[in-house]
> 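The structure under discussion is supplied below as structure tokens; questions concerning it will follow.
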Amino acid sequence: MNIEVAGRPLRVSRRGTRLIAFLTLSGRPQHRETCARLLWPQELALQNLRVELSNLRRLGVDLGPSRAPLLNAQATTDLDAWEQALDQDLSTWLAALGERLLDGLDEPSNPGLTIWLEQQRQELTKRIEATLQRRFELESVRSPGNAALILQRATHLGLTLVDTVKPPQPLPWIATAVAAPIHLALSHAQRQPHLLIYTGRYASGREDTVATVLTGAGWRHLAVTASRSPRHLLASVLLQLRLQLPPDLQEQTDTLLGSLGNDEYDQLKLCQLLMRWRHPVALILNGAEALNSETAPMLEFMLNWPLQLLIVAIARPSAEGSIRQLFGQHVGISRITSVPAAELSSDAVASLCQGPSTTTHLEILRQAEGWLPAVTFLANHGGGLERRVRFSPHLRHLLLSDVHAGTGYEPRSYARLAGLNGPFTETQAAQVLAENGVTPDEVSNMLRVGLRSGLLERVPVQLTVSTSGAVMRTADGERPLDFTSEQQRAALAGLLDGDERWHLRTIFSPQTLYAPGGQLWPVRISCGPCPALTESSNQEPSAAPNELLEPESAHFLGCGFRLLRRGPLLTLMRLGMPGHTAPAAALTFPATHTYPDGTEQPLPRAIWRWSLDFKISVPHDLDGEVPVAVRVQLPGQLGPDLLRPGLLNSNQKSAGPPPTLQAGQWYRMEGPGTGSSLEFICTSPDLLVQVTDVQFTC
């Protein structure tokens with residue numbers, strides 16, 4: 001404790017020192033004079049000291065600058081240090097608490113001192129109780145056993161703690177979906193530092209998702225934006241770390257921040273800080289696409305530290321390969337884990353929406369293209385979803401910002417391509433961009449960067465998909481280009497004026513990727529609104545309920561298609577634009593038979609019968625379009641053929657014109673086939689189709 005009189009040190013008794021210290025902590029200046037008379041009744045009363053000092057100043061004695069305080073006392077007590085040591089070993093920390101506050105200072109013959117001591121004890125009790133409460137809340141999350149010890153000690157001291165920590169809440173749907181692989185990476189990081197690459201769409205809450213899982217696992221985390229400069233990256237880490245360190249380590253951090261200059265030495269000092277902190281820590285790097293050959297050595301060095309450390313690189317999906325390549329030369333593959341952000345399902349949409357309608361949830365997911373900010377916007381949209389909803393300016397800004405962040409080009413550079421009826425060839429892209437003076441070499445670079453960033457993709461003639469969501473193959477043929485996201489394409493096209501959009505829509509004929517032909521086959525539609533049907537015309541198939549209890553899985557197939565699966569119910573969706581062309585998506589069902597014991601075996605006979613139920617739920621009118629078909633290898637034919645639903649004629653042997661399908665109505669198709677599989681094919685660019693109850697019988 002330092003006490004100064006007119007800037008000069010003053011020695012006082014130990015008893016006086018303790019009382020002045022606690023008086024200072026009380027923050028009650030009105031008690032100063034009372035305490036002074038109590039402190040030094042034999043040595044020197046504070047009141048007399050002030051009077052004498054004032055007399056000396058009036059006599060002309062230089063006691064310091066004018067209006068400067070004549071008496072100054074500064075003290076740091078054990079209580080101050082104890083309050084700051086919330087991360088200290090619990091037994092040592094609790095042992096610092098005595099049995100009675102300000103023990104040994106009572107004088108029953110001095111009522112003034114007795115009253116003052118009681119006031120100070122009340123103030124100090126409040127501070128101790130508040131500090132115990134803070135430590136109790138921390139330990140309640142990370143160690144319930146330690147929390148019980150704190151509660152026991154507080155009860156012994158006559159203090160009351162409140163269990164304000166809420167019971168663990170279920171993680172948000174998105175965090176729950178990725179918690180298991182992140183926890184696996186954390187278990188690796190407990191043995192040696194580990195690198196986790198977490199990929200997802202721009203502005204989709206990637207950092208919040210990872211931080212939620214880390215907090216639930218009891219790990220501290222620091223979040224910074226990745227930088228191309230090692231020194232800037234290190235400074236960002238230190239600044240974020242400082243906010244969580246105790247005071248003594250904060251001083252060391254400030255010293256290090258003020259002397260940055262030698263990268264290797266500074267990184268070693270950071271390691272020493274983390275070792276003294278003694279907490280498992282995760283470093284979250286947002287925008288990890290910015291990491292390069294200069295920053296990689298720093299992170300590689302961190303991966304060799306003797307710490308429980310997890311480095312989380314958050315990036316867009318297209319950057320995963322480059323990040324792996326950046327570290328793969330010196331970091332073993334077993335020390336790198338990749339976790340993609342979970343695809344949103346209708347369950348996730350339901351958790352964000354108030355409405356109970358499953359159909360509404362599916363339409364929100366379709367129009368949002370599985371992008372979280374758009375789901376939130378559409379869920380809160382006041383109007384209906386009968387038509388495609390125009391995004392808010394904020395969402396359009398996010399979509400355009402993603403273009404710039406991913407490609408380095410201004411969004412307007414790709415706007416003319418977005419105005420074309422997709423997909424388009426590279427020759428067509430060069431032609432329309434040349435009208436704005438873009439050279440062929442620059443066009444090639446723009447397309448290459450667009451493909452690498454995920455803005456563009458090559459579109460096959462057909463996607464063949466298994467019922468598990470895996471893309472089995474793509475049909476051979478020319479692979480033109482198109483935008484990966486229809487909403488992003490629309491945002492880019494919105495940068496053009498109306499005349500330019502009209503010109504671009506009409507300059508080329510749409511690409512024909514898939515000839516929708518195929519023969520009509522005498523398949524039965526056993527339920528539907530068609531007047532010609534009399535049997536079960538108003539009944540929905542029992543295997544196609546709107547809600548099932550089984551969890552739903554979600555898969556992004558590419559080319560705008562998403563597949564949801566909940567038990568036997570499959571939902572295929574795509575957001576498109578009239579006049580554009582989409583590849584066909586073929587859902588493949590192996591021709592198997594399920595036996596009573598639950599086993600599935602290929603059908604033993606070469607010829608079998610199939611049946612399935614389907615519903616088209618896209619909100620607009622189909623205008624006579626039949627966007628679905630079935631492909632099987634027909635008995636007696638050399639190869640598979642395409643079958644479209646047709647009404648049975650009276651002789652039950654041939655099919656009539658295709659029915660007028662209505663949105664939201666379940667239909668059943670059935671017929672003969674041979675071979676090993678059946679394909680359910682969707683051909684519309686703007687589609688929401690559900691399929692269920694696919695059965696094969698001998």
> What's the verdict on side chain to side chain contact (heavy atoms under 4.5 Å, CB included) for Leu563 and Leu587, showing C-alpha distance, side-chain angles and the deciding distance?
CA-CA 10 Å; Leu563 179 67; Leu587 294 176; 4.0 Å; yes
> To the nearest 0.5 Å, what is the distance between NE2 (His555) and CZ (Phe561)?
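Between atom NE2 of His555 and atom CZ of Phe561 there are 15.5 Å.
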> Take Leu456 and Phe483 through the side chain to side chain contact (heavy atoms under 4.5 Å, CB included) test and state the conclusion after the steps.
CA-CA 4 Å; Leu456 302 174; Phe483 286 86; 3.7 Å; yes
> Ignoring hydrogens and angles, state whether a donor on the side chain of Gln690 or Thr692 is under 3.5 Å from an acceptor on the partner side chain.
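Not at all, the side chains of Gln690 and Thr692 share no donor-acceptor pair under 3.5 Å.
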> Answer yes or no: does atom NE2 of His394 have more than 12 heavy-atom neighbours from other residues, nucleotides or ligands under 6.0 Å?
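No, not enclosed.
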> What distance do Glu207 atom CD and Leu214 atom CG have between them, rounded to the nearest 0.5 Å?
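The CD atom of Glu207 sits 10.0 Å away from the CG atom of Leu214.
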> Return the CD to CD1 distance between Glu343 and Ile174, rounded to the nearest 0.5 Å.
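Reported value, rounded in 0.5 Å steps: 10.5 Å.
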> Please round to the nearest 0.5 Å and tell me the distance separating atom CG of Leu575 and atom CG of Leu365.
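So the gap between those two atoms works out to 11.0 Å.
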> At their closest point, which heavy atom of Val628 faces which heavy atom of Cys682, and how far apart are they?
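That would be CG1-SG, 4.3 Å.
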> Which heavy atom of Gln488 sits nearest to which heavy atom of Leu399, and what is that distance?
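It is NE2-O, 3.0 Å.
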> When you compare the side chain of Met573 with that of Leu564, does any pair of heavy atoms fall below 4.5 Å?
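The answer is yes, as the side chains (C-beta and beyond) meet within the 4.5 Å cut-off.
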> Does any part of the side chain of Ser617, heavy atoms only, come nearer than 4.5 Å to the side chain of Leu362, both counted from C-beta?
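No, their side chains stay 4.5 Å or more apart.
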> Under the criterion side chain to side chain donor-acceptor pair (under 3.5 Å), I'd like the reasoning laid out for Gln695 against Thr697: C-alpha separation, chi angles, the key distance, then a yes or no.
CA-CA 7 Å; Gln695 297 183 5; Thr697 56; over 6 Å; no
> Between Trp608 and Gly675 (side chain of the first, backbone of the second, donor and acceptor by atom type, cut-off under 3.5 Å), is there such a pair?
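Indeed, once roles are kept as given, a pair shorter than 3.5 Å links the two residues.
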> For Glu679, does its backbone N or O pair with a side-chain atom of Arg631 as donor and acceptor, under 3.5 Å?
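It does not hold such a pair.
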> When rounded to the nearest 0.5 angstrom, what is the spacing between CZ in Phe680 and OG1 in Thr467?
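These two atoms lie 14.0 Å from each other.
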> Do His183 and Ser187 have side chains that get closer than 4.5 Å, going by heavy atoms?
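Counting from C-beta outward, His183 and Ser187 never come under 4.5 Å.
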> Do the side chains of Trp371 and Gln487 get nearer than 4.5 Å, heavy atoms only?
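Contact flag for Gln487/Trp371 side chains = no.
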> Is Gln367 close to Arg388 at the side-chain level, that is, under 4.5 Å between some pair of heavy atoms?
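Of all side-chain heavy-atom pairs linking Gln367 with Arg388, at least one is under 4.5 Å.
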> Would you find a donor on one side and an acceptor on the other, under 3.5 Å apart, between the side chain of Thr215 and the backbone of Thr212?
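Not confirmed, Thr215 side chain does not pair with Thr212 backbone.
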> Before you tell me yes or no, could you show the steps for Arg366 and Arg562 under side chain to side chain contact (heavy atoms under 4.5 Å, CB included), namely the whole-Å CA-CA distance, both residues' side-chain angles and the distance that decides it to 0.1 Å?
CA-CA 8 Å; Arg366 188 182 77 91; Arg562 279 176 170 78; over 6 Å; no
> Using side-chain heavy atoms (C-beta onward) and a distance below 4.5 Å, is Tyr198 in contact with Ile284?
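No - every pair of side-chain heavy atoms lies 4.5 Å or more apart.
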> Between Glu369 (side chain) and Glu486 (backbone), is there a donor-acceptor pair under 3.5 Å?
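Present.
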> Search all heavy atoms of Pro411 against all heavy atoms of His404 and return the closest pair with its distance.
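Nearest pair, atom of Pro411 first, then His404: CD-CB, 4.3 Å.
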> Check whether Arg565 reaches the backbone of Gly567 with its side chain - one donor and one acceptor, N or O, closer than 3.5 Å.
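Pair found, side chain donor or acceptor close to backbone of Gly567.
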> Do Thr360 and Val349 come within less than 4.5 Å of each other through their side chains, counting heavy atoms only?
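The answer is no, as the side chains (C-beta and beyond) never meet within the 4.5 Å cut-off.
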> Determine, step by step, whether Val465 and Leu572 satisfy the side chain to side chain contact (heavy atoms under 4.5 Å, CB included) criterion, reporting the C-alpha distance in whole Å, the side-chain angles of both residues, the deciding distance to 0.1 Å, and the verdict.
CA-CA 11 Å; Val465 185; Leu572 188 68; over 6 Å; no
> Within the distance-only criterion (no hydrogens, no angle test), does the side chain of Ser318 pair as donor or acceptor with the backbone N or O of Ser453 below 3.5 angstrom?
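The answer is yes, because a donor-acceptor pair under 3.5 Å joins these two groups.
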> At their closest point, which heavy atom of Trp173 faces which heavy atom of Ala342, and how far apart are they?
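Looking at all heavy atoms of both residues, the closest pair is CZ3-CB, 4.2 Å.
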> Determine, step by step, whether Arg566 and Asp347 satisfy the salt bridge (Lys or Arg N to Asp or Glu O under 4.0 Å) criterion, reporting the C-alpha distance in whole Å, the side-chain angles of both residues, the deciding distance to 0.1 Å, and the verdict.
CA-CA 10 Å; Arg566 192 197 304 272; Asp347 291 339; 3.0 Å; yes
> Would you say the side-chain atoms of Trp610 pair up with the backbone N or O of Gly671, donor to acceptor, closer than 3.5 Å?
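Yes; at least one donor-acceptor contact below 3.5 Å.
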> Would you name the heavy atoms of Arg206 and Gly200 that are closest together and state the gap between them?
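Minimum heavy-atom contact is NH1-O, 3.0 Å.
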> Indicate the atoms forming the closest heavy-atom contact of Ile323 with Ala288, along with that distance.
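Between these two residues, the closest heavy atoms are CD1-CB, 3.8 Å.
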> Measure the CZ-CZ distance between Arg668 and Phe614 for me, rounded to the nearest 0.5 Å.
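One finds 11.5 Å between CZ of Arg668 and CZ of Phe614.
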> Determine whether a donor-acceptor pair (N or O, by modelled atom type, separation under 3.5 Å) exists between the side chain of Ser346 and the backbone of His361.
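Judged by distance alone, no pair lies under 3.5 Å.
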> Could you check whether any side-chain heavy atom of Thr581 comes within less than 4.5 Å of a side-chain heavy atom of Pro423, counting everything from C-beta outward?
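Heavy-atom side-chain distance check passes, below 4.5 Å.
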> Return each pair, listed once, that meets salt bridge (charged side-chain N to carboxylate O under 4.0 Å, His left out) where at least one residue sits in residues 312-326; pairs must be two or more places apart or across chains.
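Matches after skipping sequence neighbours: Glu289-Arg316, Arg316-Asp402, Glu320-Arg324.
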